[in-house]
Amino acid sequence: MQRAIALVDCNNFYVSCERLFQPALEGKPVVILSNNDGCVVSRSQEVKKLGITMAAPWFKLKELARQHGIIALSSNYTLYADLSNRVMRVLAQFSPEQEIYSIDECFLDVTGINELTRYAQAMRQRVKQHVGIPVCVGIASSKTLAKLANHVAKKRSSGVCNFNALAEDELNHLLSRIEVGEVWGVGRRTHSRLQAMGITTALALKCAPGERIRAEFGITLARTVAELGGTACLSLDEHTTLRAQIICSRSFAIPVTQLADLEEAVISYTSRAAEKLRRQQSMACCVQVAIRTNPNQLKAPQYQPGLTLALAEPSDDTRALCHATLSGLRQIYRTGYAYQKAGIILSGIIACDNRPHSLFDDTEAQQKSATLMSTLDLINRRMGSGTIHLLGEGITKSWAMKRGNVSPRYTTELSDIALAHAAPNK
DNA sequence: TCTGGGGTCCTAGGACCC
DNA sequence: TCTGGGGTCCTAGGACCC
């Protein structure tokens, strides 16, 4: 039986989330900005038509935005994450095998289902009805082809495209009209190298000699070529495994020069990462800390050090992890630089159940730590993130990022719901 | 003046071992 | 002066994704 993989992708996800709660934004050009209102991370259809690209720096677009009356909102990840969960729960009803690939898309194994096109229409309708977010569905025999089918679906009013229902020459005709850079796994670098070889369309890549691709580009692109030919090389990953690394990094609202401010930031990021670590019931063996100056500030002196440290024993205790990241920070910090960003990475991640035991384990201290951490997590979940935190995180956080125009957390914060109702409907 | 954040996979090269 | 071959493990860096 032919394998059938569906890729369901939300349309302009962050913009659609905002429109759900501010219907007045419907039909207007809207962009959502990254942290610090730095660049564009989601665009409405009207904005895409103006030629504004993904990740374009906002400050360069302000004049164009004024001319066209573009509405810019700061990103509100709490809201987007909550709506994403709802979309994914609805889609899970359509297949027992679901891979949540990103905040706004998932793969579903729909092998063996009859009338796939009608089935895909049912997905769209149910998500629209239950959550209010518009989605498009692409179906094909491999994940890479399903991504391309979705690309085609986005341009159709039906919002659905099923490659499995097409004859070979019909499919090839569609692929011949898609630029090779649109193929999943072909980034900027590979795109220009392929073009230099005369491979400019998805069809040309599908027909490229596998061995030459393998030799010149490596195994990853060779798999992509096989997938374009309908041979599934990538399986659905149902995320039962632990994350291999947990990253927390942010740019500052203003350049930071003092060690004390960097210390506050690093403690705060380590605390967020430690929460994630405990949420997946795991411990880390290594921490990495990195800071950097602004690489776009070409004239300023540049410095971007990083340091990885092994912990004496695996830990999920915020205090132990902060102790390590702070010690790393103090080793790499130098005066005389204007730092723009700091980040930490937890790695060497193992499940708590697999923690190695040693003769010298202090069981009592370990239990105390576990109790303290789970109490901390419980309070922060109930009372709001950051209710209890280490004092070293700082109170004022002068370095914290700026978000000029953020919407209320309509679905997750009681006080914001009240605010939403009190606000006059302009 | 102002350019995000969080992740994965692959590869090359060094250290080390027998 | 001459200085093997093969294996493993780790890390850094590159490329990609959304």
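From a predicted model like this one, the values you see are computed outputs, not experimental measurements. Throughout, a chain's letter reflects where its sequence line sits, starting with A, and its residues are numbered from 1.
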Rounded to whole angstroms, how far apart are [atom1] on [X] and [atom2] on [N]?
X	N	atom1	atom2	result
Lys276(A)	dG6(B)	NZ	C1'	7 Å
Arg193(A)	dA15(C)	CZ	P	8 Å
Gln288(A)	dA12(C)	CD	P	7 Å
Glu99(A)	dG7(B)	CD	C1'	13 Å
Gln245(A)	dG7(B)	CD	C1'	7 Å
Phe217(A)	dA15(C)	CZ	C1'	12 Å
Ile219(A)	dG14(C)	CD1	C1'	17 Å
Ile213(A)	dC10(B)	CD1	C1'	17 Å

So what does [X] hit on the nucleic acid, given a heavy-atom distance under 4.0 Å: a base, only sugar-phosphate, or nothing?
X	result
Val183(A)	sugar-phosphate
Thr190(A)	sugar-phosphate
Ile103(A)	nothing
Ala244(A)	sugar-phosphate
Arg223(A)	sugar-phosphate

Choosing from [options], which nucleotide comes nearest the side chain of [X]?
X	options	value
Pro57(A)	dG4(B), dT3(B), dG14(C)	dT3(B)
Trp184(A)	dG4(B), dC16(C), dC17(C)	dC17(C)
Ser251(A)	dG4(B), dG6(B), dT3(B)	dG4(B)
Ile246(A)	dG7(B), dT3(B), dG4(B)	dG7(B)
Tyr101(A)	dC18(C), dA15(C), dG4(B)	dC18(C)
Arg214(A)	dT11(B), dC10(B), dC2(B)	dT11(B)
Glu105(A)	dC18(C), dG6(B), dG4(B)	dC18(C)

Can we say [X] and [Y] salt-bridge, meaning some charged N sits less than 4.0 Å from an Asp/Glu carboxylate O?
X	Y	answer
Glu46(A)	Arg19(A)	yes
Arg66(A)	Glu63(A)	yes
Lys154(A)	Asp9(A)	yes
Glu216(A)	Arg212(A)	yes

Task: Cation-aromatic face contact Arg292(A)/Tyr303(A), 6.0 Å, 45 degrees - done: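 Not flagged: Arg292(A) not positioned over aromatic ring of Tyr303(A).
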Open item on the list: Check whether Phe107(A) forms a cation-pi arrangement with Lys143(A) (NZ or CZ under 6.0 Å from the six-membered ring centre, at most 45° off the ring normal).
Closed with: yes
Task: Cys248(A) or Gly218(A), whichever maps to the more 5' nucleotide of DNA chain B - done: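 This one resolves to Cys248(A).
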Task: Which residue lies more 5' along DNA chain B, comparing Thr220(A) with Arg292(A) via nearest heavy atoms - done: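 Counting from the 5' end, the first nearest nucleotide belongs to Arg292(A).
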Measuring to OP1 and OP2 of [N], would you say a side-chain N or O of [X] lies under 4.0 angstrom away?
X	N	result
Thr308(A)	dT11(C)	no
Lys62(A)	dT1(B)	no
Lys341(A)	dG5(B)	yes
Asn36(A)	dT3(B)	no
Arg250(A)	dG4(B)	no
Gln297(A)	dC2(B)	yes

Open item on the list: Quiz question: by atom type and distance under 3.5 Å, do the side chains of Asn76(A) and Ser407(A) form a donor-acceptor pair?
Closed with: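 The criterion, which ignores hydrogens and geometry beyond distance, is satisfied for Ser407(A) and Asn76(A).
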TODO: Could you give the distance separating dC16(B) and dG4(C) at their C1' atoms, to the nearest angstrom?
DONE: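 Between the two C1' atoms, the distance is 16 Å.
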Task: Opposite nucleotide pairing with dG6(B), Watson-Crick or G-U, both atom distances under 3.5 Å - done: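 Partner of dG6(B): dC17(C).
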